[in-house]
Each structure stands twice: as C-alpha cells, then as structure tokens.
2 protein chains.
Amino acid sequence: MQTKNIIEEKNLKLTSARKELLELFGFEKKPISFEDIKHKINMDKATFYRNVSKFESESILNSFESNDKKRYYEIQDFPHAHFICNNCNNIECLENMEPIKLEGYKIFDMIFKGICKSCNK
Amino acid sequence: MQTKNIIEEKNLKLTSARKELLELFGFEKKPISFEDIKHKINMDKATFYRNVSKFESESILNSFESNDKKRYYEIQDFPHAHFICNNCNNIECLENMEPIKLEGYKIFDMIFKGICKSCNK
DNA sequence: AACTTATATGCAACTTAGTCGCAATGGCAA
DNA sequence: TTGCCATTGCGACTAAGTTGCATATAAGTT
Ligand SMILES: [Mn+2]
Ligand SMILES: [Mn+2]
Ligand SMILES: [Zn+2]
Ligand SMILES: [Zn+2]
C-alpha cells in the first residue's frame with residue numbers, strides 16, 4: 001500500500017517525518033530501533049518516538065524489546081516470531097514457523113533467544 | 001541445594017547479601033525484579049545488580065526483560081518458557097510446555113506475549 | 001490565495017532502570 | 001590474629017525513552 005493511503009486511512013496528517021518513516025519501514029525487512037536509523041532520518045528523537053507510538057496504536061507497526069534494552073519496530077504484516085541471538089545480537093524474523101497455540105491464552109508475540117544459525121556453526 | 005553449597009561450589013564468598021538473595025529466589029516461584037523486592041531486602045541496588053549478574057554468569061539464575069522495561073530474575077532449574085500478559089503484566093512460568101525446536105538454532109529462552117488465561121475470560 | 005485551527009514538531013528538561021568509581025568493610029584462608 | 005582481595009554502600013553517572021511548551025505546518029474553509 002502507498003504511504004499516502006496508509007496515513008489517510010487513519011486520519012493522520014502526512015508530514016515529511018511520517019513519509020520518511022513509512023518509506024524506511026516499508027523498505028527494511030528487519031525490525032529497526034531508533035539507534036539504527038537516527039543518522040539516516042531527519043527528525044528529532046521525540047518526533048520519531050511519538051510517531052512510531054502512534055503508528056503502533058493504529059496497527060501500522062508493531063514492536064518488541066530486544067536484549068540490548070532498545071525497542072525495535074517493524075511493519076505489521078502477517079504475525080511471526082522473532083529470534084534474538086545472544087551472541088551476535090542479530091534479530092531474525094521467523095516467517096516460516098507454524099504458530100503455537102496455548103489453550104486459554106491469546107498469543108500476539110513470540111520471542112526466542114539463543115544462538116542463531118550462523119553463530120552455531 | 002543449600003545456599004552455602006551453591007555459593008561454595010562457585011568459589012564465591014557467602015556474604016549476607018548473597019544469603020538474603022538466594023533464600024528469596026529459592027522461596028519465590030516467579031521471576032523477580034529489583035523493584036519487586038527492594039523493600040524486603042537489606043542491600044544497595046548496586047549490590048543487588050552486581051550479585052544477580054554474577055549469579056547469572058555462574059548459571060545460578062537466569063533473567064529476561066519484561067514489558068515494563070525491568071529485568072526479571074529467577075532460579076535456573078529446568079528450562080521453561082514465560083508468558084507475559086499485555087493486559088495485567090503478570091508473568092507466568094509455562095512449565096508444562098513441550099520445548100520447541102528450530103533446526104540449526106539453539107534456543108535458551110522463549111517468551112510469549114499476549115492475553116493470559118484470567119484476562120481472556 | 002489567504003485564513004483558520006487542530007495537529008505535529010524541535011528543543012530542552014526530565015525520568016528511570018541499571019552501571020561505575022572509589023573508599024571502606026568483611027569473608028576466609030593462612 | 002592477621003592480611004588480602006572480593007564485596008559493599010554511596011553518590012555520580014548513563015542512556016533510552018518521555019514530556020511540556022512554544023512554534024510550525026497540513027489540510028480543510030472561505
Ligand atoms: Mn519480523
Ligand atoms: Mn520461570
Ligand atoms: Zn548470532
Ligand atoms: Zn493477564
């Protein structure tokens with residue numbers, strides 16, 4: 001979907017900060033922290049955080065906290081688990097995993113931690 | 001195992017702070033943050049954090065970060081997943097779950113987030 | 001195109017979990 | 001009992017994220 005349509009659908013103003021963020025998140029395939037992109041983007045950190053929070057409450061992004069005390073954001077497409085490597089700190093999207101069910105619970109997010117494929121060789 | 005043996009096995013000094021912590025962690029069944037117990041314990045926060053870090057590197061405790069930006073520690077017994085409720089923020093140990101395997105990866109930790117049994121009613 | 005107004009932004013000050021340097025203390029082995 | 005080194009308390013610090021406030025701007029209205 002186009003950046004403009006995403007925004008209009010949610011009754012938000014299409015500012016240049018929001019354009020920048022949505023293009024960046026649309027382009028990246030991995031979850032991103034503020035630290036990751038602060039040098040690439042042209043906005044204050046308050047603007048970044050206020051926008052990603054709004055995007056999250058509008059179901060455009062979702063987020064989780066990694067090992068490094070930073071919050072990572074990514075486009076909300078189809079639900080999938082994440083693997084965080086304790087060794088290289090890389091975050092992987094596990095897109096081919098069948099979803100796990102727990103009787104009586106609703107699961108929105110799954111995080112696995114351990115040693116990733118390449119560190120495990 | 002006795003507090004004293006745990007400590008001696010790792011060549012650490014059995015200080016009163018360490019006795020307090022190990023008894024507390026042995027007694028509690030749930031993961032604990034510093035905030036949770038700071039009023040019950042008789043030590044500086046630096047002492048708490050230095051000790052739990054050491055215990056973790058000695059494989060006496062393990063830890064993970066929850067939704068509330070706090071780190072939770074618990075006795076390392078048998079590996080199990082945790083469920084964090086987005087609604088009531090309660091942390092549950094999922095002790096009856098069969099472990100999940102991922103070809104090529106080593107999984108040390110699994111965290112599920114969503115809505116817990118009692119909030120889901 | 002100019003006017004209006006609610007929303008969004010930049011900036012600086014703030015919050016808060018956790019860390020660190022350092023001088024004083026205290027386990028424990030000799 | 002002595003002495004050494006790990007451990008402790010304390011205060012200062014760090015860093016991710018938040019907030020208040022004055023200013024700027026998107027977008028609808030005239
Ligand atoms: Mn992902
Ligand atoms: Mn547990
Ligand atoms: Zn790795
Ligand atoms: Zn709940």
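In what follows, chains carry the letters A, B, and so on, assigned in the order in which the sequence lines appear, proteins first and then strands, with residues in each chain numbered from 1.
Per the geometry, CD1 belonging to I7(A) stands 18 Å off P belonging to dT25(D), to the nearest Å. Counting to the nearest Å, the C1' atom of dA16(D) and the CZ atom of R50(A) are 15 Å from each other. The nearest whole Å value for the distance from the CG atom in D44(B) to the C1' atom in dA12(D) is 12 Å. For the pair E65(A) CD and dG17(D) P, the interatomic distance rounds to 7 Å; values are reported in whole Å. K69(B) places its NZ atom 6 Å from the P atom of dT18(D), with the value rounded to the nearest Å. In this structure, L14(B) atom CG and dT7(D) atom P are separated by 11 Å, rounded to whole Å. If you take CG of D36(A) and C1' of dA15(D), they are 15 Å apart, rounded to a whole angstrom. Taking atom NZ of residue K13(B) and atom P of nucleotide dG3(D), one finds them 16 Å apart after rounding to whole Å.
Residue K19(B) is out of contact with every strand shown, counting any heavy-atom pair closer than 4.0 Å. Using a 4.0 Å heavy-atom cutoff across all strands shown, R71(B) reaches sugar-phosphate atoms only and no base atom.
No donor-acceptor pair under 3.5 Å is formed between the side chain of N51(A) and the backbone N or O of F48(A). At distances below 3.5 Å, not a single donor-acceptor pair connects side-chain atoms of E74(A) with backbone N or O atoms of S63(A). Looking at N120(A), its side chain does come within 3.5 Å of a backbone N or O of G104(B) through a donor-acceptor pair. Although no hydrogens or angles enter the test, the distance criterion places no donor-acceptor pair under 3.5 Å between the side chain of T47(B) and the main chain of M43(B).
If you find the closest nucleotide of DNA chain C to S53(B) and to N42(A), the one lying nearer the 5' end belongs to N42(A). For the pair L12(B) and F34(A), both in contact range of DNA chain D, the more 5′-proximal nearest nucleotide belongs to L12(B). Residues N51(A) and S33(B) each lie close to DNA chain C; by heavy-atom proximity, the contact nearer the 5' end of the strand is made by N51(A).
Not a single donor-acceptor pair, N or O on each side, falls under 3.5 Å between the base of dG17(D) and the side chain of K70(A).
Regarding contacts with the backbone of dA27(D), every side-chain N or O of N11(A) stays at 4.0 angstrom or more from both OP1 and OP2. Close to dT7(D), at under 4.0 Å from its OP1 or OP2, lies a side-chain N or O of R18(B). Under 4.0 angstrom from either OP1 or OP2 of dT18(D) there lies no side-chain N or O belonging to Y49(A).
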From CA spacing to verdict: ring pair (Phe, Tyr, Trp, His ring centres under 6.0 Å), F112(B), H82(B): CA-CA 6 Å; F112(B) 296 82; H82(B) 291 101; 10.0 Å; no
List the steps and the verdict of salt bridge (charged side-chain N to carboxylate O under 4.0 Å, His left out) for K40(A) and E28(A). CA-CA 13 Å; K40(A) 295 186 203 168; E28(A) 294 283 343; 3.7 Å; yes
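In this structure, N42(A) places its CG atom where only 12 or fewer heavy-atom neighbours from other residues, nucleotides or ligands lie under 6.0 Å away. Counted within 6.0 Å of NZ on K54(A), heavy atoms from surrounding residues, nucleotides or ligands total 12 or fewer; the atom is thus considered open.
First and last contacts of DNA chain C with chain A, using any nucleotide atom under 4.0 Å from a protein heavy atom and ordered 5' to 3', fall at dA6(C) to dG18(C).
Checked by atom type, the side-chain pair N62(B)/D109(B) shows no donor-acceptor distance below 3.5 Å.
For the helix from dA1(C)-dT30(D) to dA30(C)-dT1(D), the end axes, each set by the C1' atoms of five terminal pairs, are bent relative to each other by 30° (nearest 10°).
Seen from the ring of F27(B), K29(B) counts as a face-on cation partner, given the 6.0 Å and 45° thresholds.
Listed nucleotides: dT8(D), dG17(D), dC10(D). Nearest to the side chain of T15(B): dT8(D). In the set dT8(D), dC21(D), dG17(D), dT8(D) carries the atom at the smallest distance from any side-chain atom of A17(B).
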